[in-house]
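Only one structure is covered here, and it is reproduced in the block below.
Values in this document were obtained by computation on a predicted structure and should not be read as measured data. The figures that follow rest on heavy atoms only: side chains count, while hydrogens, waters and symmetry mates do not. All ligand and atom numbering here is 1-based and tracks the order in the structure.
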Amino acid sequence: MIDFTLSQRDEAILENQREQAMLCRKYARYYDEHEEEFAPDVLPEADSFESKPLPETDSARDTNGAVMGMLTTMMQNYGDYTIRLRRGKGGLGNAALAASGTPEQVERWRGQTLAMAITEPGCGSDSKAIQATAVLDEATNEWILNGEKIFVTTGCRADGVVVWATLDKEAGRGGIKSFIVMKGTPGFDVTHKEKKLGIRADDTAAMVFRDCRIPRDHLLGGKESVSRKGGGGFKGVMKTFNMTRPAVGAIGIGIAQAALDFTKEELAREGVVIDYMAAPHQRSAIAEKLIEIEADIDAAVLDILHSAWLSGEAKPNNTEASIAKAKGGEVARTATQRCIGLLGSLGISREYLLEKWFRDSRITDIYEGTGQIQRLIIARDILGYSAAELS
Ligand SMILES: Cc1cc2nc3c(=O)[nH]c(=O)nc-3n(C[C@H](O)[C@H](O)[C@H](O)COP(=O)(O)OP(=O)(O)OC[C@H]3O[C@@H](n4cnc5c(N)ncnc54)[C@H](O)[C@@H]3O)c2cc1C
């Protein structure tokens with residue numbers, strides 16, 4: 001039975017996360033405004049955050065780890081997206097390594113921050129259209145990579161990158177494999193840092209691979225994955241998204257909750273307080289709108305936790321992960337926008353963070369598959385169509 005009850009220890013962990021996140025919020029504007037360069041680091045080191053001691057033993061019960069992961073992500077982003085700078089090592093490539101790497105590969109690159117490079121100038125949502133190539137040089141036992149990647153989150157800051165490339169363009173999805181390329185490898189260059197609407201605390205990079213040679217064992221999933229279905233191939237790495245898509249929803253919902261709480265506080269100053277016990281016709285229109293946003297956020301939270309719970313129980317969650325991402329991304333986008341609508345000029349003033357949260361939240365409905373693509377996946381799963389039949 002699905003149960004989201006938290007252990008006492010996990011409640012205490014979340015409380016610590018909340019305090020750290022609220023501290024990071026103080027630096028949110030600084031990082032937003034210093035996007036152009038790598039801003040000097042002003043955030044306190046993670047280990048200098050004061051954490052309250054945690055209960056030693058778990059008196060209640062074990063929380064599903066994936067559920068706890070989502071709650072932590074929401075809490076951190078409730079503080080501010082800036083917390084990503086202090087979340088320690090890890091990028092989307094690390095999730096791919098965990099999902100598809102051999103035990104030796106997982107051990108070898110443990111502790112390194114790995115970005116994930118799929119998107120290309122001519123290929124976004126339709127990731128099977130990848131043009132980057134990987135050719136095996138049998139004589140030297142090396143892969144030779146050629147191609148261009150854009151919009152790689154943490155591409156500048158990462159130690160390396162998991163790159164999608166095709167062994168055979170005619171083979172579509174079947175030809176696509178992923179490779180680990182570390183910074184400093186000749187032929188691998190980060191060429192550009194994007195200037196963005198939001199999430200400016202995080203870098204987004206473009207990169208090129210020109211006759212970039214990497215050892216044969218940098219193929220994710222090992223050499224067997226060339227012939228094996230899944231592994232480091234398209235399907236295997238797509239499974240990464242079943243873990244990370246709910247997390248993107250959770251990022252968005254953390255931001256949306258911050259926006260809503262700020263809006264409620266500001267409106268309360270003006271005397272707008274929600275009376276939950278009153279009948280709808282007895283409440284003000286503004287209170288009614290706040291309740292609608294609140295309900296939307298609650299629904300998204302349930303979708304996100306549901307999909308995470310399934311993954312934590314090792315049950316399939318392909319559809320639920322897409323529902324969590326679609327709902328989380330949409331609510332993040334619309335809730336922050338509606339909060340600006342409720343506060344008017346205060347909502348777009350840079351004196352406050354609401355306008356920034358509006359900008360930061362927008363990406364959660366774009367990367368790791370847009371809202372439209374999530375709906376496509378959900379429709380396929382429900383109707384029983386293949387990707388070829390419904391695209
Ligand atoms: C800040 C940021 C960070 C990113 N980080 C990464 C990263 O780390 N790694 C990485 O590889 N990529 C990353 N991306 C790229 C991101 O995943 C792509 O932008 C996304 O997949 C959409 O691709 P596209 O931009 O080419 O849009 P397109 O695929 O060209 O789509 C344009 C529009 O058409 C819609 N659309 C497309 N196909 C369909 C369809 N079949 N049915 C209905 N609607 C459709 C889309 O939903 C979208 O609204 C990042 C992007 C940004 C902006």
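Closer than 4.0 Å to atom 25 (O) of ligand 1 lies none of the heavy atoms of the protein. Protein heavy atoms are found less than 4.0 angstrom from atom 46 (C) of ligand 1. Proximity of atom 2 (C) of ligand 1 to the protein is indicated by at least one non-hydrogen atom lying closer than 4.0 angstrom. For atom 30 (O) of ligand 1, no protein heavy-atom neighbour is found at a distance under 4.0 Å. Put simply, atom 5 (N) of ligand 1 has protein non-hydrogen atoms near it, under 4.0 Å away.
In this model, no donor atom of one side chain and acceptor atom of the other lie less than 3.5 Å apart for Asp80 and Tyr31.
For atom 48 (C) of ligand 1, the closest heavy atom belonging to the protein is Thr370 CG2, 4.2 Å. Looking at atom 13 (C) of ligand 1, its nearest protein heavy atom turns out to be Phe151 O, 2.7 Å. Looking only at heavy atoms of the protein, atom 19 (O) of ligand 1 is closest to Ile366 CG2, 4.0 Å.
Side-chain N or O atoms of Asp360 include one that pairs as donor or acceptor with a backbone N or O of Ile199 at under 3.5 Å. The backbone N or O of Ala158 sits less than 3.5 Å from a side-chain atom of Lys183, completing a donor-acceptor pair.
At a heavy-atom cutoff of 4.0 Å, ligand 1 is contacted by both the backbone and the side chain of Thr119. At a heavy-atom cutoff of 4.0 Å, ligand 1 is contacted by no atom of Asp126, backbone or side chain.
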Test salt bridge (charged side-chain N to carboxylate O under 4.0 Å, His left out) applied to Lys128 and Asp126, step by step: CA-CA 6 Å; Lys128 69 176 184 311; Asp126 185 12; 2.9 Å; yes

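In this structure, Glu368 counts as a contact residue of ligand 1, since one of its heavy atoms falls inside 4.0 Å of the ligand.
On a distance-only criterion, Met116 and ligand 1 share at least one N/O pair closer than 3.5 Å. The shortest N or O to N or O distance between Gln372 and ligand 1 is under 3.5 Å.
Residues Glu355 and Ser349 come closest through the heavy atom pair CG-O, 3.6 Å. His306 approaches Glu320 most closely through the heavy-atom pair CE1-CG, 3.8 Å.
Every side chain to side chain donor-acceptor pair (under 3.5 Å) that Thr204 has, sequence neighbours left out, goes to Lys196.
The Ile373 neighbourhood of ligand 1 comprises atoms 38 (N), 39 (C), 40 (C), with distances under 4.0 Å to a heavy atom of that residue. For ligand 1, the atoms sitting less than 4.0 Å from at least one non-hydrogen atom of Ile118 are 10 (C), 11 (O), numbered in the order shown with element in parentheses. The ligand atoms of ligand 1 that sit less than 4.0 angstrom from a heavy atom of Leu376 are 41 (N). Every atom of ligand 1 with a heavy atom of Thr153 under 4.0 Å away is listed here by number and element: 3 (C), 4 (C), 5 (N), 6 (C), 7 (C), 8 (O). Close contacts of ligand 1 with Lys196, meaning ligand atoms under 4.0 Å from a residue heavy atom, involve 1 (C).
The heavy atom nearest to atom 52 (C) of ligand 1, considering only Ile363, Ile150, Thr204, is found in Ile363. The residue among Gly155, Ser125, Gly369 with a heavy atom at the shortest distance from atom 37 (C) of ligand 1 is Ser125.
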Let me have the donor-acceptor pairs involving side chains of residues 336-345, under 3.5 Å, with sequence neighbours excluded, atom names and distances please.
| residue | atom | partner | partner atom | Å |
| --- | --- | --- | --- | --- |
| Thr336 | OG1 | Ala332 | O | 2.8 |
| Thr336 | OG1 | Arg333 | O | 3.1 |
| Thr336 | OG1 | Ser361 | OG | 3.1 |
| Arg338 | NH1 | Asp296 | OD2 | 3.2 |

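Using cut-offs of 30° and 60° for the angle between ring planes, the Trp109 and His218 rings count as perpendicular. A tilted orientation is assigned to the rings of Tyr352 and Phe262, their planes being inclined by 30° to 60°.
Of the inter-residue distances, the one linking Gln374 atom CD with Ile323 atom CD1 reads 10.5 Å to the nearest 0.5 angstrom.
Salt-bridge annotation for Glu368 and Arg245: absent, with no side-chain N of the basic residue lying under 4.0 Å from a carboxylate O of the acidic one.
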